[in-house]
Amino acid sequence: MAKSESSGDTGRPWQSYHTVYTNAKAGMEGVDKEKVQRIVYEMSKGSKYFENEERKEAYIKQKIENMQDQIAKLTDADISHYQKVADKRILELEATRDLTRIWLHVDMDAFYAAVETLSNPSLNGKPMAVGSMSMISTANYEARRFGVRAAMPGFIARKLCPELIFVPVDFKKYTHYSDLTRKVFQNYDPNFMAASLDEAYLDITNACYERDATGGEIAEELRKSVYEETGLTCSAGVGPNRLLAKVCSDINKPNGQFVLPNDRMAVMAFISSLPIRKIGGIGKVTEHLLRDAFGIATCEEMLQNSGFLCALFSRSSADFFLSVGLGLGRTDAPEVKLRKSISNERTFSATDDEAFLYQKLADLAEMLSVDMKKEGLCGRTLTLKLKTASFEVRTRAVTLQKYIFSSEDILKHASKLLKAELPISLRLIAASMGYWSVCSLLTDQITELWNFKF
DNA sequence: TACATACAC
DNA sequence: AATGGTGTATGTA
């Protein structure tokens with residue numbers, strides 16, 4: 001092994017700056033990851049953002065070390081106890097396996113970028129990103145070849161790809177096209193579950209029976225129909241549950257599909273070598289933690305470490321990890337979920353000017369109140385989120401006696417929360433309201449007030 | 001209930 | 001010069 005490959009190398013500092021940008025993503029196969037990582041590091045190094053990322057990394061490292069200590073402290077008796085717990089739980093989870101439904105996950109290809117190209121065909125074939133110098137929402141496939149991707153700041157993207165074209169976000173446009181795709185989804189599952197503007201889950205079990213078609217045939221037909229209605233391509237995954245369908249839709253992206261049959265053996269074979277990071281819900285931190293504390297990289301290894309997982313994690317986390325190892329996921333009909341919170345936040349250049357901060361807060365309170373009135377909501381828990389100039393995030397909350405929704409009430413309470421933090425230099429303020437479960441009774445009164453005011 | 005973290009898009 | 005906005009879930013105290 002070359003000496004530079006060893007850990008603790010000081011010659012290549014960029015290797016220790018872990019961003020999310022080098023994570024495998026569709027369209028990024030041929031990318032020179034080393035180069036991308038070096039440029040991201042060079043552009044970030046020394047910034048407040050970078051320093052905060054380093055603090056976060058150190059915190060995670062600490063957490064991993066704590067976990068390693070806990071593992072080391074397990075006695076043989078503990079280990080055999082937790083293995084029994086795990087084996088029992090695996091059987092219980094296995095008993096919930098449902099192979100009777102066929103789920104399809106649709107994912108529009110580079111959605112925002114594709115919509116922008118549709119409305120400006122001269123962008124076709126050129127590297128392009130939707131977003132700004134501070135943040136990119138979506139990059140088209142030409143840009144991805146340079147390592148440019150969503151969630152990357154634009155100024156770094158431009159360094160990676162100097163000819164990159166920037167297009168500002170235009171949600172109205174994306175919502176319009178999203179609605180067109182949803183009309184198509186409706187034909188295959190009237191109760192389809194929209195996951196975002198560009199993603200949806202469909203239970204196509206009935207569609208398969210009605211049309212006497214396989215899941216793969218339905219997926220082909222649906223993608224063709226989406227293309228005809230919108231001029232946009234999408235990818236699809238078909239599998240026995242939502243978790244697996246989602247993984248599958250990523251496999252032949254863009255403009256492709258992958259079918260995982262409703263067969264236990266096929267599922268287990270599919271899941272066995274699958275990197276855990278491919279699973280929705282397992283992000284950068286969990287991947288890191290499971291790898292460094294347990295040596296887990298693939299879903300199969302979740303089962304091999306089942307005893308340790310049950311020993312070290314809460315019931316719900318352990319259940320999730322074991323389910324992943326078994327290739328289980330939800331197959332039930334999507335329940336109608338009411339939203340639990342509503343928020344507004346804005347980033348600005350960091351300042352400790354109190355008048356400015358209060359003005360920002362007033363603007364947010366006003367925007368939040370407008371949104372709440374639009375939705376007919378009122379709440380009694382108000383949360384103020386602050387991001388300091390050094391990127392530290394704090395939240396401060398109060399739960400009130402009565403439900404509120406007016407900008408005056410929001411501002412009155414939010415100001416108190418802000419005041420307690422002064423003096424402070426901030427780059428972001430957010431105001432959020434939640435917890436209106438018992439509040440539906442008040443809807444009529446709100447409507448009345450709303451009508452009275454206008 | 002309050003707060004911090006992790007995650008998704 | 002410069003690293004988003006909105007919402008959910010969960011662990012812990």
Side-chain angles (χ1 to χ4, degrees), chain A residues 17 19-21 23 25 40-41 43-53 55-56 59-60 62-63 105 107-108 110-112 129-138 149-159 166 168-169 171 174 178 194-200 243 246 250 277 279-290 312-320 337-350 364 367-368 371 375 380-387 389-400 417 420 427-435:
Chain A
Y17 180 46
T19 64
V20 83
Y21 314 129
N23 182 42
K25 234 211 149 196
V40 170
Y41 171 80
M43 298 296 287
S44 301
K45 171 180 67 171
S47 67
K48 298 265 188 242
Y49 176 82
F50 180 87
E51 285 168 11
N52 188 249
E53 288 299 297
R55 279 194 293 274
K56 276 160 53 183
Y59 171 79
I60 293 164
Q62 187 68 58
K63 220 165 116 178
H105 179 251
D107 193 338
M108 302 301 295
F111 185 54
Y112 299 175
V130 175
S132 69
M133 272 312 156
S134 351
M135 190 50 60
I136 285 174
S137 289
T138 312
R149 50 163 296 170
M152 179 181 272
F155 70 93
I156 296 180
R158 198 177 50 183
K159 192 81 174 182
F166 285 86
V169 288
F171 278 102
Y174 315 142
S178 180
S196 64
L197 285 181
D198 70 324
E199 276 183 39
L243 180 136
K246 163 106 177 148
D250 196 51
R277 187 66 159 89
I279 303 291
I282 298 187
K284 191 183 93 160
V285 173
T286 309
E287 178 190 36
H288 192 162
L289 193 142
L290 290 179
L312 277 274
F313 289 96
S314 68
R315 166 81 178 231
S316 69
S317 299
D319 272 2
F320 172 64
K337 287 202 283 187
L338 302 168
R339 88 148 112 198
K340 294 181 174 164
S341 69
I342 184 164
S343 67
N344 264 268
E345 69 185 62
R346 285 295 174 271
T347 293
F348 41 85
S349 49
L364 285 167
M367 288 190 286
L368 186 57
D371 289 350
E375 308 267 334
R380 59 188 279 253
T381 299
L382 170 66
T383 306
L384 182 70
K385 181 173 103 175
L386 308 173
K387 197 189 278 177
S390 51
F391 285 84
E392 180 207 346
V393 176
R394 290 183 205 171
T395 60
R396 296 291 178 259
V398 272
T399 297
L400 310 162
L417 294 175
R427 67 186 329 277
L428 170 143
I429 302 180
S432 160
M433 292 283 319
Y435 297 99

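Owing to the predicted nature of the structure, the values given are computational and were not obtained by experimental measurement. Sequence lines set the chain letters: A, B, ... in the order given, protein chains first and strands last, and positions in each chain run from 1.
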Taking only residues two or more places apart in sequence, or in another chain, which ones meet [X] in a salt bridge (Lys or Arg N to Asp or Glu O under 4.0 Å)?
X        : result
A:Arg277 : A:Glu287
A:Glu375 : A:Arg339
A:Arg158 : none

[atom1] of [X] versus [atom2] of [N]: gap in Å, rounded?
X        : N     : atom1 : atom2 : answer
A:Lys387 : C:dG4 : NZ    : P     : 5 Å
A:Arg55  : B:dA4 : CZ    : C1'   : 15 Å
A:Glu392 : B:dA4 : CD    : P     : 8 Å
A:Met135 : C:dA1 : CE    : P     : 19 Å
A:Phe391 : B:dT5 : CZ    : P     : 16 Å
A:Leu289 : B:dC7 : CG    : C1'   : 14 Å
A:Asn52  : C:dA2 : CG    : C1'   : 16 Å
A:Phe166 : C:dG4 : CZ    : P     : 15 Å

Given [options], which nucleotide is nearest the side-chain atoms of [X]?
X        : options             : value
A:Thr347 : B:dT5, B:dC7, C:dG5 : C:dG5
A:Arg396 : B:dA4, B:dA6, C:dG5 : B:dA4
A:Phe155 : C:dA2, C:dT6, B:dA2 : C:dA2
A:Glu345 : C:dT6, B:dA4, C:dA2 : C:dT6
A:Thr399 : B:dA2, B:dA6, C:dG5 : B:dA2

- Query: With A:Thr19, which residues qualify under side-chain contact (heavy atoms from CB on, under 4.5 Å), at least two apart?
  - Reply: A:Tyr17, A:Tyr21, A:Thr22, A:Val40

- Counterpart residues, side-chain contact (heavy atoms from CB on, under 4.5 Å), relative to A:Lys340 (two or more places apart): none

- Message: Is the distance from the ring center of A:Phe320 to that of A:Phe313 below 6.0 Å?
- Response: no

- Per nearest nucleotide of DNA chain B, the residue lying toward the 5' end, A:Ala397 or A:Ile279, is A:Ala397

- Query: Which residue, A:Lys63 or A:Ser196, contacts DNA chain B at a nucleotide closer to its 5' end, judged by nearest heavy atom?
  - Reply: A:Lys63

- Query: Is there side-chain contact between A:Thr381 and A:Val398, with at least one heavy-atom pair below 4.5 Å?
  - Reply: no

Mind checking if [X] touches a base, just sugar-phosphate, or nothing, with heavy atoms under 4.0 Å?
X        : result
A:Thr286 : sugar-phosphate
A:Glu199 : sugar-phosphate
A:Leu197 : nothing
A:Ile136 : nothing
A:Tyr112 : nothing
A:Lys48  : nothing

OP1 or OP2 of [N] sitting under 4.0 Å from any side-chain N/O of [X]?
X        : N     : value
A:Arg380 : B:dT1 : yes
A:Lys159 : C:dA2 : no
A:Ser132 : C:dA2 : no
A:Thr395 : B:dA4 : yes

- Query: Does the side-chain contact (heavy atoms from CB on, under 4.5 Å) test come out yes or no for A:Leu368 and A:Met433, once each step is laid out?
  - Reply: CA-CA 8 Å; A:Leu368 186 57; A:Met433 292 283 319; 3.7 Å; yes

- Task: For nucleotides 7-13 of chain C, just jot down a letter per nucleotide in 5' to 3' order: B, S or -, based on protein non-hydrogen atoms under 4.0 Å.
- Result: SSSSS--

- Item | Distance-only side-chain donor-acceptor flag, A:Ser47 / A:Ser44, under 3.5 Å | no

